[in-house]
Participant: 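Dropping the structure in here first, questions after.
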Amino acid sequence: MKRTLFEDVHEDFRASFHTFLEREVLGEEGRYGEWERNGIVPREVFALAGRGGFLGMAVPERYGGAGTEDFRFNLVVAEECQRAAVGSFGLGLSVHTDICLPYFLRYCSDEQRERWLPGIASGELITALAMTEPGVGSDLASMSTRARREGDHYIVDGTKTFITNGINADLVVVAVKTGEGGHENRHRDISLVVIERGMEGFERGRKLEKIGQHSQDTAELSFSELHVPVENLLGQEGEGFRHLVSNLPQERLSIAAAAVAAAEAALGWTLDYVRERQAFGQPIGSFQNSRFTLAEIHGEVQIARTFVDQCTLALNASELTPEDAATAKWWCTDLQGRVVDRCLQLFGGYGYMLEYPIARAYADARVTRIYGGTNEIMKEIVGRSMGL
Ligand SMILES: Cc1cc2nc3c(=O)[nH]c(=O)nc-3n(C[C@H](O)[C@H](O)[C@H](O)COP(=O)(O)OP(=O)(O)OC[C@H]3O[C@@H](n4cnc5c(N)ncnc54)[C@H](O)[C@@H]3O)c2cc1C
């Protein structure tokens, strides 16, 4: 089906991002493989991406960005990364641009904008978002990281875990409890503060070892009697939950878009493989089972992509609802899981070998049904919106 989402400017952006991936990420020396083994992407990659104009699309021009809040550019990044068998979340770039940047764009004061936006656009300041704690993920309002006000500082104590870009991050948007729990609405106790590299009392734990997405640095962060100046409060005190909720649709769309792109990439690799690989004197793609499987995947991917494209336009028009974003997230990540599994099967034993992108895509896919809010929580959001 002809896709009408993109304009020439997006295709030009696609071509230059593709060149960036080939030159700086894949490289002849197989750099990406080395980052996967190291469990982290070098910080310079963010600076190179910033120099190429791939991080600051939505940042106003006066702070070094392109001044275009158009999520189609983010979609291009996700698609090109997946096609190159490099997860956009694995690189940490999508967390920086799709998930963290909107908090800085929406809630920074003028002074904070001057302080942080130029570095975020250039990639010199890497960002992370820390909500999850060892004891609390889905039930965010039950978090225990506290920030008590003392003069012109918040004193922060607590631990966050599973934080993407946790080791590399210079600026971490941290959800903390500032209230005493006296509110009728417990969500009103939550605020967002920006914790910066080098602040005394900010410790990073080890990089966590995961099933997939190996190049993504995922870490535990701990805060002990950490003095955060009140100038680092992001948005309004007590409004943190509301700020999180209003940004989550974009985060979920970003995950959905990467999931569809991953499924489409898996389909492409599998088509190439089944045309070449022979069994019983014929290409395995010519067996009816292979044809049916790939026809089903082709259809499902197109349908999912159409929904994601519509959600992207809705986001650009500030009309993406939490329910539609939640639907995109659960449906597309479920699809990704089904597709990579079925594609892997068609590779036979080679599908289980890590040198084949399909094997890595299989391992990388599992978490997308978990992070960004589990798919069960997505269905809760949709179900509640139906009055259930
Ligand atoms: C690789 C990776 C990267 C991540 N990056 C980040 C990050 O950058 N920042 C960040 O803050 N977090 C991050 N996370 C955390 C992620 O968002 C959480 O793991 C996720 O929200 C689930 O929380 P949990 O792990 O505490 O699971 P739990 O909340 O303990 O859930 C366990 C199970 O119970 C189910 N469940 C819970 N509540 C309900 C309910 N009401 N109804 C039905 N079922 C329910 C869940 O669906 C799940 O199946 C990351 C996680 C991973 C694995």
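Owing to the predicted nature of the structure, the values given are computational and were not obtained by experimental measurement. Counting starts at 1 for both ligands and their atoms, in listed order. Side-chain atoms are counted along with the backbone in the values below, which use heavy atoms only and exclude waters and symmetry mates.
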Participant: Sub-3.5 Å donor-acceptor pair from the side chain of R197 to the main-chain atoms of N168, do we have one?
Facilitator: yes
Participant: Please report which non-hydrogen protein atom sits nearest to atom 18 (C) of ligand 1, along with the residue it belongs to and the distance in Å to one decimal place.
Facilitator: T132 OG1, 4.0 Å
Participant: For atom 50 (C) of ligand 1, is the nearest protein heavy atom under 4.0 Å away?
Facilitator: yes
Participant: Test side chain to side chain donor-acceptor pair (under 3.5 Å) on T368 and T333 and set out the steps.
Facilitator: CA-CA 6 Å; T368 64; T333 56; 4.6 Å; no
Participant: Give yes or no for whether the N/O distance cutoff of 3.5 Å, strictly under, is met between T374 and ligand 1.
Facilitator: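 T374 vs ligand 1: N/O contact under 3.5 Å present.
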Participant: Any idea which heavy atoms bring A128 and A169 closest together, and the distance?
Facilitator: CB-CB, 3.7 Å
Participant: Which protein non-hydrogen atom lies closest to atom 42 (N) of ligand 1, naming both residue and atom, and how far is it?
Facilitator: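 For atom 42 (N) of ligand 1, the nearest protein heavy atom comes out as E380 CG, 4.2 Å.
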Participant: Mind checking whether L294 and V274 have side chains closer than 4.5 Å, heavy atoms only?
Facilitator: yes
Participant: Would you say ligand 1 has an N or O under 3.5 Å from any N or O of T161?
Facilitator: no
Participant: Can you pull out the closest protein heavy atom to atom 20 (C) of ligand 1? Residue, atom name and distance to 0.1 Å, please.
Facilitator: I370 O, 3.6 Å
Participant: Taking the six-membered ring where the residue is Trp, are the ring centres of H243 and Y103 under 6.0 Å apart?
Facilitator: no
Participant: For atom 2 (C) of ligand 1, which protein heavy atom lies nearest, and how many Å away is it?
Facilitator: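 So the nearest neighbour among protein heavy atoms is Y371 CD2, 3.7 Å.
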Participant: Of the side chain and backbone of I377, name the one, both, or neither that has a heavy atom under 4.0 Å from an atom of ligand 1.
Facilitator: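 It is the side chain that gets close, since no backbone atom is under 4.0 Å.
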Participant: Starting from atom 28 (P) of ligand 1, locate the nearest protein heavy atom and write down its residue, its atom name and how far away it is, to 0.1 Å.
Facilitator: S138 OG, 3.7 Å
Participant: Name each donor-acceptor pair under 3.5 Å that joins a side chain in residues 13-21 to protein atoms two or more places apart or in another chain, with its distance.
Facilitator:
residue: R14; atom: NE; partner: E11; partner atom: OE1; Å: 2.9
residue: R14; atom: NH1; partner: E79; partner atom: OE1; Å: 3.2
residue: R14; atom: NH1; partner: E80; partner atom: OE2; Å: 2.9
residue: R14; atom: NH2; partner: E79; partner atom: OE1; Å: 3.0
residue: S16; atom: OG; partner: D12; partner atom: O; Å: 3.3
residue: S16; atom: OG; partner: F13; partner atom: O; Å: 3.2
residue: H18; atom: ND1; partner: E80; partner atom: OE1; Å: 3.1
residue: H18; atom: NE2; partner: E22; partner atom: OE2; Å: 3.4
residue: T19; atom: OG1; partner: A15; partner atom: O; Å: 2.9

Participant: List the atom of I190, the atom of L140, and the distance in Å for their closest heavy-atom pair.
Facilitator: CD1-O, 4.2 Å
Participant: Can you sort out which atoms of ligand 1 are near V367, meaning under 4.0 Å from one of its heavy atoms?
Facilitator: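 Those of ligand 1 that fall under 4.0 Å from V367 are 1 (C), 52 (C), 53 (C).
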Participant: Any idea which protein heavy atom is nearest atom 6 (C) of ligand 1, and the distance to it?
Facilitator: F162 O, 2.8 Å
Participant: I'd like to know if atom 12 (N) of ligand 1 has any protein heavy atom within a distance of less than 4.0 Å.
Facilitator: yes
Participant: Can an N or O of M131 be found at a distance shorter than 3.5 Å from an N or O of ligand 1?
Facilitator: yes
Participant: Any atoms of ligand 1 less than 4.0 Å from a non-hydrogen atom of K210? List them with their elements.
Facilitator: 1 (C)
Participant: Between R275 and D272, is any pair of side-chain heavy atoms under 4.5 Å apart?
Facilitator: yes
Participant: Enumerate the atoms of ligand 1 whose separation from the nearest heavy atom of G372 is less than 4.0 angstrom.
Facilitator: 17 (O)
Participant: Quick one: do E300 and R305 satisfy salt bridge (Lys or Arg N to Asp or Glu O under 4.0 Å)? Show the steps, please.
Facilitator: CA-CA 8 Å; E300 284 193 294; R305 201 174 64 181; over 6 Å; no
Participant: Is it true that a side-chain atom of D157 and a backbone atom of E225 form a donor plus acceptor pair closer than 3.5 Å?
Facilitator: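 Yes: the side chain of D157 pairs with the backbone of E225.
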Participant: Please report which non-hydrogen protein atom sits nearest to atom 44 (N) of ligand 1, along with the residue it belongs to and the distance in Å to one decimal place.
Facilitator: E376 CB, 3.8 Å
Participant: Is a side-chain donor or acceptor of R51 paired with a backbone partner of G53 at a separation under 3.5 angstrom?
Facilitator: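 Absent.
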Participant: I'd like to know whether ligand 1 has Q213 as a neighbour, heavy-atom separation below 4.0 Å.
Facilitator: no
Participant: If we count only non-hydrogen protein atoms and require a distance under 4.0 Å, does atom 35 (C) of ligand 1 qualify as touching the protein?
Facilitator: no
Participant: Would you check if the side chain of K177 reaches a backbone N or O of A141 as a donor-acceptor pair within less than 3.5 Å?
Facilitator: yes
Participant: In terms of atom number and element, which parts of ligand 1 are under 4.0 angstrom from non-hydrogen atoms of I163?
Facilitator: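 Once the distances to I163 are compared, the set is 7 (C), 8 (O), 9 (N), 10 (C), 11 (O).
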Participant: Between G137 and ligand 1, is there a nitrogen or oxygen pair with a distance under 3.5 Å?
Facilitator: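 Yes.
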Participant: Of the backbone atoms (N, CA, C, O) and the side-chain heavy atoms from C-beta on, which set of K160 has a member under 4.0 Å from an atom of ligand 1: side chain, backbone, both, or neither?
Facilitator: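 None of K160 does.
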Participant: Taking the six-membered ring of W269 as reference, does the cationic atom of R277 (NZ for Lys, CZ for Arg) lie under 6.0 Å from its centre and within 45° of its axis?
Facilitator: no
Participant: For ligand 1, note which part of Q216 has a heavy atom under 4.0 Å away: side chain, backbone, both or neither.
Facilitator: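 The side chain, only.
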Participant: If I apply the N/O under 3.5 Å rule, does L129 come out as touching ligand 1?
Facilitator: yes
Participant: Mind checking whether T164 contacts ligand 1 via backbone (N, CA, C, O), side chain (CB onward), both or neither, at a 4.0 Å heavy-atom cut-off?
Facilitator: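 Both backbone and side chain.
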Participant: Assess whether ring-ring contact (aromatic ring centres under 6.0 Å, His included) is satisfied between F347 and Y352, documenting all intermediate values.
Facilitator: CA-CA 8 Å; F347 277 77; Y352 203 62; over 10 Å; no
